[in-house]
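Everything on this sheet refers to the single structure shown next.
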2 protein chains.
Amino acid sequence: MSRGLRMTRQRRTILQVVETAKQHLDASQILRKARRLDPQIDRVTVYRTLGLLKRHGLVDELDLMHMQGEKHFYERRPQRDHIHMACLRCGKISEFESDLFDRLKGQIQRDCQFHIAVTRLEVGGYCSHCRTGIAE
Amino acid sequence: MSRGLRMTRQRRTILQVVETAKQHLDASQILRKARRLDPQIDRVTVYRTLGLLKRHGLVDELDLMHMQGEKHFYERRPQRDHIHMACLRCGKISEFESDLFDRLKGQIQRDCQFHIAVTRLEVGGYCSHCRTGIAE
DNA sequence: ACTTTATTGTAACAGAGTTGCAACTAGAAG
DNA sequence: CTTCTAGTTGCAACTCTGTTACAATAAAGT
């Protein structure tokens, strides 16, 4: 982070929280975890920092099909884009990488003359575990 | 709409607004248009009806990469899923259908044992028109 | 160490969407 | 056509996520 941006204590903390997260966190969860490392940190700073990281392509913002209200979730941008699958019954989020997805992005760039900066493919449905119990 | 659901004047109005929309509308735009047909109609009814239509798979909810705040947009569910491309500069939304996308969904269902109910693929980037003026 | 200016925290705000509840009404039954 | 009842509406008050203004603070270059 150069070019007029400053690496502050707060940003280091928030970055650390997002980097080490084992799952997708929303803004208030990130705040809570950040406050365990630095109790002074404020809500506003979390939002501002997430916006910054998003604009710079370091984290991606997800909706996860809005299963839990209007929250947004964050993850550090992966090497390779992946698909998020949200089970509408149990709420489990799984991820999936696919050559076909990469090829689809290539097709969009070519056929639509559209330069892709970020993609978000979310799928809602029923995972294998929940499908079996459908008759319940 | 059967099974205990009632076709009320308000629902008919909201449905009509969404069906005849020439572009993606958010909840407050839908409210405004619905009020021109029925001035009594309330915000809450719009939200409740959109929720209902969404649950029954008659409309899809979009985020359009959150370019205009946290609004959600709605469109009647199309015959065939399509991709939404949002230009991060001019804000234009374009749509795109693709065999590759259909095949990708097939792959997900097979490889992940995941039964797909709804998909949302949104792409942010720069349209051909805005790319040319990048040096501006 | 000094200065500049990006960044922070506080507080107040904005907007999307939700909930409780009494009043209303679509649609079925008689 | 009238009655009944449970689905639906409108209102008001609320929750929650995220934003803005601004004075105080502190990175980072000199």
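Side chains included, hydrogens not; waters and symmetry mates left out as well; all remaining heavy atoms used. In what follows, chains carry the letters A, B, and so on, assigned in the order in which the sequence lines appear, proteins first and then strands, with residues in each chain numbered from 1.
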*asked:* Could you check whether B/T13 and B/D38, counting side-chain N and O atoms only, form a donor-acceptor pair closer than 3.5 Å?
replied: no
*asked:* Please report the interatomic distance NZ(A/K54) to CG(A/L50), rounded to the nearest 0.5 Å.
replied: 8.0 Å
*asked:* Tell me whether B/Q29 contacts the main-chain N or O of B/D26 through its side chain, where contact means a donor paired with an acceptor under 3.5 Å.
replied: yes
*Quick one: OH on B/Y126 to CZ on B/R89, what's the gap to the nearest 0.5 Å?*
7.0 Å
*Measure the distance from CG on A/D38 to P on C/dT7 and round it to the nearest whole Å.*
17 Å
*Calculate the interatomic distance between B/Q29 atom CD and C/dA16 atom C1'; express it in whole Å.*
14 Å
*asked:* At under 4.0 Å between heavy atoms, how does the protein contact nucleotides 19-30 of chain C? Give one character per nucleotide, 5' to 3', with B, S or -.
replied: BB----BBS---
_In whole Å, I'd like the distance from the OH atom of B/Y74 to the P atom of C/dA16._
11 Å
_Expressed as a whole number of angstroms, how long is the span from A/D42:CG to D/dT17:C1'?_
14 Å
*Which sits closer to the 5' end of DNA chain C, A/I41 or B/E61, going by the nucleotide each is nearest to?*
A/I41
*Rounding to 10 degrees, work out the angle separating the end axes of the helix from C/dA1-D/dT30 to C/dG30-D/dC1 (five pairs an end).*
40°
*Let me know, please, whether A/H72 or A/Q10 comes out on the 5' side of the other along DNA chain D by nearest nucleotide.*
A/H72
*Can you find a side-chain donor-acceptor pair between B/H24 and B/E75 that sits under 3.5 Å?*
yes
_d(CG, A/L52; C1', D/dG18) in whole Å_ = 16 Å
*Do B/Q113 and A/H129 have side-chain N/O donor and acceptor atoms under 3.5 Å apart?*
no
_Suppose we call a contact any N or O donor and acceptor under 3.5 Å apart; does that hold for the side chain of B/R43 and the base of C/dG17?_
yes
*Which whole-number value in Å describes the distance from A/D26 CG to D/dT15 C1'?*
15 Å
*Would you say a side-chain N or O of A/Y47 is under 4.0 Å from OP1 or OP2 of D/dT19?*
no
*To the nearest 0.5 angstrom, please state how far the CG atom of A/D81 sits from the CZ atom of A/R120.*
11.5 Å
*asked:* I need the NE2-C1' distance between A/H66 and C/dT18, as an integer number of Å.
replied: 15 Å
_Distance, rounded to the nearest Å, where A/F73 contributes CZ and D/dG18 contributes C1'_ = 15 Å
*Can you tell me how far CE of B/M85 sits from CD1 of A/I116, rounded to the nearest 0.5 angstrom?*
8.5 Å
*Spatial distance of atom CD1 (B/I93) from atom CD (B/E122) [nearest 0.5 Å]*: 8.0 Å
*Toward the 5' end of DNA chain D, which comes first, B/T45 or A/E70, by nearest nucleotide?*
B/T45
